Amino acid sequence: MIKIENIYKSYGSLKVLKGINMQIQKSEIVSVLGDSGAGKTTLLQIIGTLLKPDSGSVLIDNTNIIDLKDKKLANFRNQEIGFVFQFHHLLPEFTALENICIPGFIGGANKNDLIKRAKYLLKVLKVEERAEHKPNELSGGEKQRVAIARALINNPSIILADEPSGNLDSKNAKDLYDIIFGLREEFAQTFVIVTHNIEHAKLTDKIFTIKDGLINND
């Protein structure tokens with residue numbers, strides 16, 4: 001599903017990733033664990049096609065995304081990868097339903113089909129009654145569920161989550177992981193979750209730990 005080989009990334013003289021190798025199978029839920037500044041987010045951005053490595057390859061379903069040109073890369077990102085962030089990044093002027101639909105509109109999906117799927121995802125995530133509420137009217141846990149629905153709207157094969165529980169209390173964090181495992185059963189997506197929380201990491205199928213620019217499969 002995802003095969004990462006010899007990924008190097010530096011910022012000037014600072015070497016962040018020093019030869020990362022990892023493999024993730026379809027429908028696995030894995031954690032990338034490490035201290036602040038270890039390079040977790042950099043790695044996630046490379047997998048998500050938001051950042052180019054200095055060298056190495058990232059194969060997703062046998063497509064080396066490093067070789068894709070701008071337009072094909074943007075289309076691949078829109079259709080195959082969903083993103084969930086710690087601080088949600090919902091657009092404040094739009095309702096929950098509208099926020100969820102945005103990646104679908106960008107991808108050119110049929111409006112009626114898109115709204116139908118968005119409502120279904122809100123129901124699956126148990127926030128259907130919040131569809132017409134704007135982000136400032138939602139709790140932290142509700143915002144994160146809406147963000148997950150947005151990540152799922154184009155039915156991507158991979159969901160990348162950067163500290164998705166970092167801004168939640170312990171109950172909402174546990175609920176979030178329960179949701180993620182439920183979504184895996186429902187949609188067979190692959191989840192890559194960056195975290196610094198070892199207890200949350202232990203909930204996933206596999207842990208990759210970054211230290212000194214290298215990764216270990218624990």
Side-chain angles (χ1 to χ4, degrees), residues 1-91 102-109 147-148 150-164 166 189-196 201 204 206-218:
M1 178 59 185
I2 304 175
K3 186 176 182 181
I4 296 167
E5 295 185 317
N6 297 317
I7 290 293
Y8 287 80
K9 183 65 180 178
S10 297
Y11 296 99
S13 61
L14 177 63
K15 296 180 180 179
V16 179
L17 304 179
K18 305 174 185 177
I20 297 292
N21 293 282
M22 56 193 291
Q23 290 192 46
I24 301 167
Q25 303 303 316
K26 181 174 174 55
S27 298
E28 273 193 320
I29 299 175
V30 307
S31 294
V32 178
L33 182 70
D35 294 334
S36 179
K40 305 184 301 297
T41 296
T42 296
L43 177 59
L44 200 72
Q45 289 176 339
I46 289 171
I47 298 172
T49 77
L50 299 174
L51 187 66
K52 290 259 187 195
D54 298 331
S55 61
S57 64
V58 178
L59 278 74
I60 298 178
D61 281 343
N62 296 316
T63 296
N64 188 353
I65 61 173
I66 307 303
D67 293 338
L68 295 179
K69 301 303 180 185
D70 290 348
K71 188 173 181 180
K72 286 186 176 180
L73 188 63
N75 288 336
F76 184 92
R77 183 189 307 126
N78 179 260
Q79 295 300 314
E80 298 297 331
I81 302 173
F83 296 91
V84 180
F85 305 97
Q86 178 178 352
F87 294 105
H88 325 302
H89 296 303
L90 300 177
L91 298 178
I102 287 171
F105 288 134
I106 292 170
I148 291 170
R150 180 183 58 190
L152 290 165
I153 191 66
N154 286 338
N155 196 28
S157 55
I158 301 165
I159 303 293
L160 304 179
D162 192 356
E163 298 281 7
Q189 257 105 10
T190 303
F191 284 81
V192 182
I193 303 170
V194 158
T195 184
H196 65 275
T204 62
K206 187 185 296 181
I207 301 173
F208 295 95
T209 302
I210 293 185
K211 187 175 181 180
D212 297 328
L214 295 169
I215 202 158
N216 298 307
N217 184 348
D218 296 338

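Source: prediction; values computed, not measured. Hydrogens, waters and symmetry mates play no part in the numbers below; they use all other heavy atoms, side chains included.
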Could you give the distance from CD (E80) to OG1 (T190), rounded to the nearest 0.5 Å?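 Separation between the atoms: 10.5 Å.
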Crowding at CG, D35 (>12 non-hydrogen neighbours, <6.0 Å):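 Check fails, neighbour count at 12 or below.
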For the residue pair N64 / S57, report whether a side-chain donor-acceptor contact shorter than 3.5 Å exists.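 Looking only at side-chain atoms, N64 and S57 do not form any donor-acceptor pair under 3.5 Å.
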Has the side chain of D162 got a donor or acceptor atom that lies under 3.5 Å from a matching backbone atom of T41?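 Flag not set: sc D162 to bb T41 has no pair under 3.5 Å.
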Are any non-hydrogen side-chain atoms of F76 and I60 less than 4.5 angstrom apart?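 A side-chain contact under 4.5 Å exists here.
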What I'd like to find out is whether the side chain of V30 reaches to under 4.5 Å of the side chain of T204, using heavy atoms alone.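 A side-chain contact under 4.5 Å is absent here.
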Under the criterion side chain to side chain contact (heavy atoms under 4.5 Å, CB included), I'd like the reasoning laid out for L14 against V16: C-alpha separation, chi angles, the key distance, then a yes or no. CA-CA 6 Å; L14 177 63; V16 179; 4.1 Å; yes
Distance check, rounded to the nearest 0.5 Å: T195 atom OG1 versus L33 atom CG?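 The distance works out to 6.5 Å.
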Report yes or no: does Q79 contribute a side-chain atom to a donor-acceptor pair with the main-chain N or O of N154 at less than 3.5 Å?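 Side chain of Q79 to backbone of N154, a donor-acceptor pair under 3.5 Å: no, none is there.
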Hey, could you give me the OG1/NZ distance between T42 and K9, rounded to the nearest 0.5 Å?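 It is 8.0 Å, given to the nearest 0.5 Å.
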Is there a donor-acceptor pair closer than 3.5 Å between any side-chain N or O of S10 and the backbone N or O of G12?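 The answer is no, because no donor-acceptor pair under 3.5 Å joins these two groups.
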Measure the spacing between CD1 of I65 and CD1 of I47 and express it to the nearest 0.5 Å.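 I65 atom CD1 to I47 atom CD1 measures 8.0 Å (nearest 0.5 Å).
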Out of curiosity, N78 CG to T49 OG1, how far, rounded to the nearest 0.5 Å?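 Those atoms lie 10.0 Å apart.
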For L43 versus V32, what's the shortest heavy-atom pair and its separation?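 Between these two residues, the closest heavy atoms are CD2-CG1, 4.3 Å.
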Looking at side-chain heavy atoms only, is the closest gap between M1 and D61 below 4.5 Å?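 Side chain of M1 against side chain of D61, heavy atoms only: contact under 4.5 Å found.
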Are the side chains of I46 and I20 in contact, using a 4.5 Å heavy-atom criterion?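 Heavy-atom side-chain distance check fails, nothing below 4.5 Å.
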Return the orientation label for the H89 and F85 ring planes: parallel under 30°, perpendicular over 60°, tilted otherwise.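 Correct class here is perpendicular.
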Mind listing the closest non-hydrogen atom pair of F83 and G48 along with its distance?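 The answer is CZ-O, 3.4 Å.
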With rounding to the nearest 0.5 angstrom, report the CD1 to CD1 distance, I24 to I2.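 Result: 4.0 Å between the selected atoms.
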On a heavy-atom basis, which atom in K40 and which in G34 lie closest, and how many Å separate them?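 Heavy atoms only, the tightest pair is NZ-O, 3.0 Å.
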Just checking K72: does its NZ atom have more than 12 heavy atoms from other residues, nucleotides or ligands closer to it than 6.0 angstrom?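 No.
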Closest non-hydrogen atom pair between P53 and I66, with its separation: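 Residues P53 and I66, closest heavy atoms: CD-CD1, 3.4 Å.
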More than 12 foreign heavy atoms under 6.0 Å from NZ of K211: is that the case here?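 No.
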Closest non-hydrogen atom pair, G19 against N21: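 That closest heavy-atom pairing would be O-ND2, 3.3 Å.
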I215 and M22: which non-hydrogen atoms are nearest, and at how many Å?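 Taking I215 first and M22 second, the nearest heavy atoms are CD1-SD, 3.8 Å.
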Have N155 and Q189 got a donor and an acceptor in their side chains that come within less than 3.5 Å?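 Short answer, yes.
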